[in-house]
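Below is one structure; the comments refer to it alone.
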Amino acid sequence: MDLVNIVYRYVNRFINSDELIKLLTNLDLKKFSKREIANIAELIEEVKKIIETVPIEIDQVETRRLTSLNHILEAFEKIKTNENNEKEVREFAEKHYNDLEKTKYEVRDSGPRYEKLYDLLINNSVYIKYCKKMSDLELLEFIAQYISVPVSPNISQETFNNLVKIGIKKDKREALWRLAFNYEGKKMDFTHIEDYFIEKRDDYYLTEFISAVYEDLDINNLIEKVINTKDRDFIIKCGNRAKNIGIFNDKEIEKLKKRVKDII
């Protein structure tokens, strides 16, 4: 795992500080210069000092995670103890209950330690250098490795558009959908992704995209674009999928149905 990925995993709380040290210590240093290797060695020592001196305290992010986890555990508890459920259902619930209960007691960095390490890592010169060296395609694939993260790379609309452009050129529909999801609620313009899925008549990715960033879209305008394709099969598929996953209200579904009749 390279330095950029390690930092990304930490800032998004996929790993804690103990795992961070292990990964940094085991970095493959072949591609780094002597100066960069010295910088990484200093970084590791600074991380160790923070671990030794800065405590972990439960913050709002960790509180929300634990609250959500407790709700899920309660739901699985009811399923696995309900004798009216089939044996397979109860066994499924018990397995997931046990797996989730383990994560509940894992030590997670939060509060002052997380904040200190976050600042240290994202301001490291070697990390910044290798972030900037990524091509548009590499950056798109880097972001799209996760469906959605709380701390996505801080990029401009221009950079976002460049990532969309290369995603369209390479027909990376899954990556484009994930890219949008990673920037949900961050005031990005998703028009080019929306138009591409409509152009390709891809009802699956279009509806998944809408589901992911619904609040960021002009839904009425999007529906008009779908209708204006005059592609009856595409319109019906979009309407059916939207209804099945609950992303359009009854009024919007009726609008699509009416226009299908008009096209016929």
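Here the structure is a predicted model, which means the values were calculated and not measured.
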Leu66: hydrophobic cluster co-members (side-chain, 4.5 Å)
none
Note: [X]-[Y] ion pair, threshold 4.0 Å (strictly below):
X	Y	value
Glu174	Arg178	yes
Asp136	Lys165	no
Glu138	Lys133	no
Asp99	Lys95	yes

How about [atom1] on [X], more than 12 heavy atoms from neighbouring residues, nucleotides or ligands closer than 6.0 Å, or not?
X	atom1	answer
Lys80	NZ	yes
Lys225	NZ	yes
Lys49	NZ	no
Asn154	CG	no

Can you hop from [X] to [Y] via hydrophobic side chains spaced under 4.5 Å?
X	Y	result
Val61	Leu20	no
Ile128	Val151	yes
Tyr214	Ile147	yes
Ile56	Leu69	no

Quick check: do [X] and [Y] have side-chain heavy atoms less than 4.5 Å from each other?
X	Y	result
Lys172	Glu141	yes
Phe14	Tyr146	yes
Asp171	Tyr196	yes
Ile235	Lys230	no
Asn82	Val89	no
Val226	Asp231	no
Leu140	Val164	no
Leu120	Asn124	no

Point-to-point distance, once rounded to the nearest 0.5 Å, from [atom1] of [X] to [atom2] of [Y]:
X	Y	atom1	atom2	value
Thr207	Asn244	OG1	CG	9.5 Å
Glu36	Asn39	CD	CG	8.0 Å
Phe92	Tyr97	CZ	OH	15.5 Å
Asp203	Asn240	CG	CG	9.0 Å
Phe197	Ile210	CZ	CD1	10.0 Å
Leu139	Thr159	CG	OG1	8.0 Å

Counting only N and O atoms by type, is there a donor-acceptor contact under 3.5 Å from the side chain of Asn85 to the main-chain atoms of Arg90?
no
Is it the case that the side chain of Asp109 and the backbone of Tyr114 share a donor-acceptor pair, with hydrogens and angles ignored and the cut-off at 3.5 Å?
no
Do you know which two heavy atoms are closest between [X] and [Y], and how far apart they sit?
X	Y	value
Ile143	Asn182	O-ND2, 3.6 Å
Asn5	Asp2	N-OD1, 2.8 Å
Thr25	Ile21	OG1-O, 2.7 Å
Glu194	Leu217	OE1-CD2, 3.8 Å
Leu206	Cys238	CD2-SG, 3.9 Å
Gly185	Asp216	N-OD2, 3.0 Å

Is there a side-chain contact (heavy atoms from CB on, under 4.5 Å) between Val149 and Val11 once you walk through the steps?
CA-CA 10 Å; Val149 296; Val11 301; over 6 Å; no
Is the positively charged end of [X] above the ring of [Y], judged by distance under 6.0 angstrom from the centroid and angle within 45° of the axis?
X	Y	result
Lys31	Tyr130	yes
Arg173	Tyr205	no
Lys186	Tyr183	yes

Please confirm whether Phe160 and Phe190 have ring centers closer than 6.0 angstrom.
yes
Ring centres under 6.0 Å, that's the criterion: do Tyr8 and Phe142 meet it?
yes
For residues 53-62, which residue pairs qualify under side-chain hydrogen bond (donor to acceptor under 3.5 Å, both in side chains), counting only residues two or more places apart or in two chains?
Arg13-Asp59, Glu62-Arg65
Given the rule in the side-chain contact (heavy atoms from CB on, under 4.5 Å) test, do Met188 and Ile155 qualify, once you have shown the distances and angles that lead to the verdict?
CA-CA 10 Å; Met188 287 293 183; Ile155 60 176; 4.0 Å; yes
Scan side-chain atoms only and decide if Arg113 and Tyr118 contain a donor-acceptor pair under the 3.5 Å cut-off.
no
Compute whether any side-chain donor of one residue and acceptor of the other, for Asn161 and Gln157, lie under 3.5 angstrom apart.
yes
Could you go through Glu19 and Lys22, starting from their C-alpha distance and side-chain angles, then the distance that decides it, and tell me whether this counts as salt bridge (Lys or Arg N to Asp or Glu O under 4.0 Å)?
CA-CA 5 Å; Glu19 293 168 294; Lys22 288 178 184 177; over 6 Å; no
List the steps, then state whether side-chain contact (heavy atoms from CB on, under 4.5 Å) holds for Leu73 with Glu77.
CA-CA 6 Å; Leu73 285 169; Glu77 174 71 25; over 6 Å; no
